[in-house]
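Scroll down for the structure; my scribbles are underneath it.
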Amino acid sequence: MVEGWYDLGAETVVVRVGFRGQSPALLPHVYVDAGWARRIPHVEGDGRVCYSSEEGRVHDYQRLADVVADAIGEAVRTLRMGLSGDNTIVDDIEGHWRHADTCGETVGSYFSPGDEIRRLSVGCNGKVWRYVTERFHTVTQFAPDLFDRPRMERKALYIPLRQPEVFPNPQTIAVADIKPFVERHLEPRLRRDLVKRTKKRPEGPCPVILGVLNQGQRILVGLEFDGCEGAHPLNPKGHAKSMRLVAVERRDKEALLPRGGADISLRERQVVVAGCGAVGGHLATQLASAGLGQLTLVDGDAFTPANAFRHVLGVLALGQNKATATAEFLRRRTPYLDVVGIKGRIENLLGHKAVARADLMVLATGHATTNLLVSDELWRHGGPRLGCTWLEPLGLGGHVFIETTSRSAGPGCLRCIYDDLQNRADFAGAGQVFARESGGCGGAFTPFANSDAVKTADLATRAVVAALRGDLNSPLLRSWKGDAAIFRQHGYRTSPRYELSGDSLEQDPTAQSCPTCGGRA
């Protein structure tokens, strides 16, 4: 730690600089006297100046003198902005609230904040908040094994506020500051509702969650009033003797899905994945991470040791049914996902209610005859839109085919890409058998690597998401092509399609006469 003086013009400030954990890869911390935290934004209770974020930033660790000089320069600029009256707390309300001296625990919120005043529940163990929610079910959806009912639940009030130009400094905020701040930033249409909901005097501590609008998003900050007199402390007739701050971290769908790169528009969508082997398991996992709301998995087989090196579950589910085990894995891994595993063959479950409700079904069975049977049945009797994904052996490639939206939209079913019983999309030449025997007839398998399964699942996920968004109304055939060297070393031959490249690979999948959907050459 080094220390020096810096002239700000109106006053002089003592500045201390030090590297965290002696690592030159991290930006140095810059400290001023802790009293600055009560005067301006972006100074924490211990005096650390929040002058920059590591996110997306690169500095030259071999020129430490320059790094320190830049750090001090940015810290001083932050101090000058604060002294000039630039209240930048609005830009980072949540961060300032969390780092205030008077702020206690950080609690997760599991409700979706909106534009209306609502009643909430705060789960508490003693004075410590454990969660904020409307329904305890949403808490267990987020983390099934981490939460049980707390020793008590307190009634809380959620109040949405307009975006403020100036926000009170959390380091110096007082009980008397809250009521006028809420009144200034509450929508006029909600004022009568707030008065109505705050007539009664709370018994004991009184939690409040403020949903402050900032750049189109609701930032949540928590308050707990105590020693309430007359009425609720936010009522014109109410008052509280004391108040403490609570940092609230949003963990609802609307907050988490976009941050994880997921698509919030998919939360109401339903997909069936038939076949939960290597490709299907990775596909289900990626669809869950993409923000899908409801997922039904179907498979009749059990995990065997042969699955260990190319399945998302490894050896975690040996002997268990693939569909139910994968569903349980995703239920624990992905918050807010409604996932069900069904043991059985998909051709026997086409009348199941999950299939009838689905927006799309993806076949990842690895069994061409099953895939054709299901496609033909859905075209004859109706059902969800269909996709199919499959992988070729020895790194040769992988494919996804998405059927057209319906018969009324024109031809484009799975049988369209077949000439008799040969899949025209395949990179392997016709008439070859790739299954190998291991320990007799019951040990037949097709050799492919986990990385190939992941790549194929990724290709399929992108196509499925495009279809669910409504960006894909016509049929689609998309493939990735690997190196054929190992494939050919084993004596196998490639198909004419393997020799194509670029746009030629995405051929018209309806380019033949089709007995199922009516496609014509």
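Side chains are part of it too, since the values below use all heavy atoms of this structure and drop only hydrogens, waters and symmetry mates. Numbers here are sequence positions counted from 1.
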From [X] [atom1] over to [Y] [atom2], what is the distance, rounded to the nearest 0.5 angstrom?
{"X": "E229", "Y": "H239", "atom1": "CD", "atom2": "NE2", "result": "5.5 Å"}
{"X": "T405", "Y": "R385", "atom1": "OG1", "atom2": "CZ", "result": "5.5 Å"}
{"X": "L234", "Y": "L223", "atom1": "CG", "atom2": "CG", "result": "8.0 Å"}
{"X": "L472", "Y": "T404", "atom1": "CG", "atom2": "OG1", "result": "8.5 Å"}
{"X": "I264", "Y": "R267", "atom1": "CD1", "atom2": "CZ", "result": "4.5 Å"}
{"X": "L476", "Y": "R478", "atom1": "CG", "atom2": "CZ", "result": "4.5 Å"}

Do [X] and [Y] touch side chain to side chain, with heavy atoms closer than 4.5 Å?
{"X": "F329", "Y": "T285", "result": "yes"}
{"X": "P384", "Y": "L360", "result": "no"}
{"X": "D263", "Y": "L468", "result": "no"}
{"X": "V273", "Y": "L295", "result": "yes"}
{"X": "N450", "Y": "H282", "result": "yes"}
{"X": "V49", "Y": "Y31", "result": "no"}
{"X": "E105", "Y": "V246", "result": "yes"}
{"X": "V465", "Y": "R269", "result": "no"}

Evaluate the salt bridge (charged side-chain N to carboxylate O under 4.0 Å, His left out) criterion for residues E116 and R189: first the C-alpha distance (whole Å), next the side-chain angles of each, then the deciding distance (0.1 Å), finally the verdict. CA-CA 10 Å; E116 303 296 329; R189 65 181 182 83; 3.0 Å; yes
Test your reading of the model: is there a side-chain donor-acceptor pair from [X] to the backbone of [Y], 3.5 Å cut-off?
{"X": "D70", "Y": "V67", "answer": "no"}
{"X": "R218", "Y": "G211", "answer": "yes"}
{"X": "W97", "Y": "G222", "answer": "yes"}
{"X": "Q163", "Y": "Q215", "answer": "yes"}
{"X": "D338", "Y": "G293", "answer": "no"}
{"X": "D299", "Y": "K322", "answer": "no"}
{"X": "K155", "Y": "P202", "answer": "no"}
{"X": "R162", "Y": "R184", "answer": "yes"}
{"X": "T138", "Y": "Y110", "answer": "yes"}
{"X": "R119", "Y": "R197", "answer": "yes"}

side-chain contact (heavy atoms from CB on, under 4.5 Å) for Y51 and L27? Distances and angles first, verdict last. CA-CA 10 Å; Y51 65 86; L27 288 172; 3.6 Å; yes
Derivation and outcome, side-chain hydrogen bond (donor to acceptor under 3.5 Å, both in side chains), residues T106 and E249: CA-CA 7 Å; T106 297; E249 180 181 80; over 6 Å; no
Just wondering, more than 12 heavy atoms not from [X] lying within 6.0 Å of its [atom1]?
{"X": "K179", "atom1": "NZ", "value": "yes"}
{"X": "R462", "atom1": "CZ", "value": "no"}
{"X": "R135", "atom1": "CZ", "value": "no"}

Before giving the answer on side-chain contact (heavy atoms from CB on, under 4.5 Å), spell out for M361 and I346 the whole-Å C-alpha distance, their side-chain angles and the decisive distance to 0.1 Å. CA-CA 10 Å; M361 179 194 294; I346 185 60; 4.0 Å; yes
Quick one: closest heavy-atom pair of [X] and [Y], and the distance?
{"X": "P160", "Y": "L190", "value": "CG-CD1, 3.9 Å"}
{"X": "P113", "Y": "L220", "value": "CB-CD2, 4.1 Å"}
{"X": "R80", "Y": "D7", "value": "NH2-O, 3.4 Å"}
{"X": "R118", "Y": "S112", "value": "NH1-O, 2.8 Å"}
{"X": "F111", "Y": "D252", "value": "O-CB, 3.2 Å"}
{"X": "A278", "Y": "H311", "value": "N-CD2, 3.8 Å"}

Run the side-chain contact (heavy atoms from CB on, under 4.5 Å) check on V14 and D33 step by step: do they pass? CA-CA 7 Å; V14 177; D33 185 87; over 6 Å; no
Sort out for me which residue in M243, R154, H232 forms a side chain to side chain contact (heavy atoms under 4.5 Å, CB included) with C206.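 With C206 as partner, side chain to side chain contact (heavy atoms under 4.5 Å, CB included) holds for just one option, H232.
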The test is side-chain contact (heavy atoms from CB on, under 4.5 Å); show your working for E153 and Y131 and say whether it passes. CA-CA 9 Å; E153 286 188 333; Y131 57 77; 2.6 Å; yes
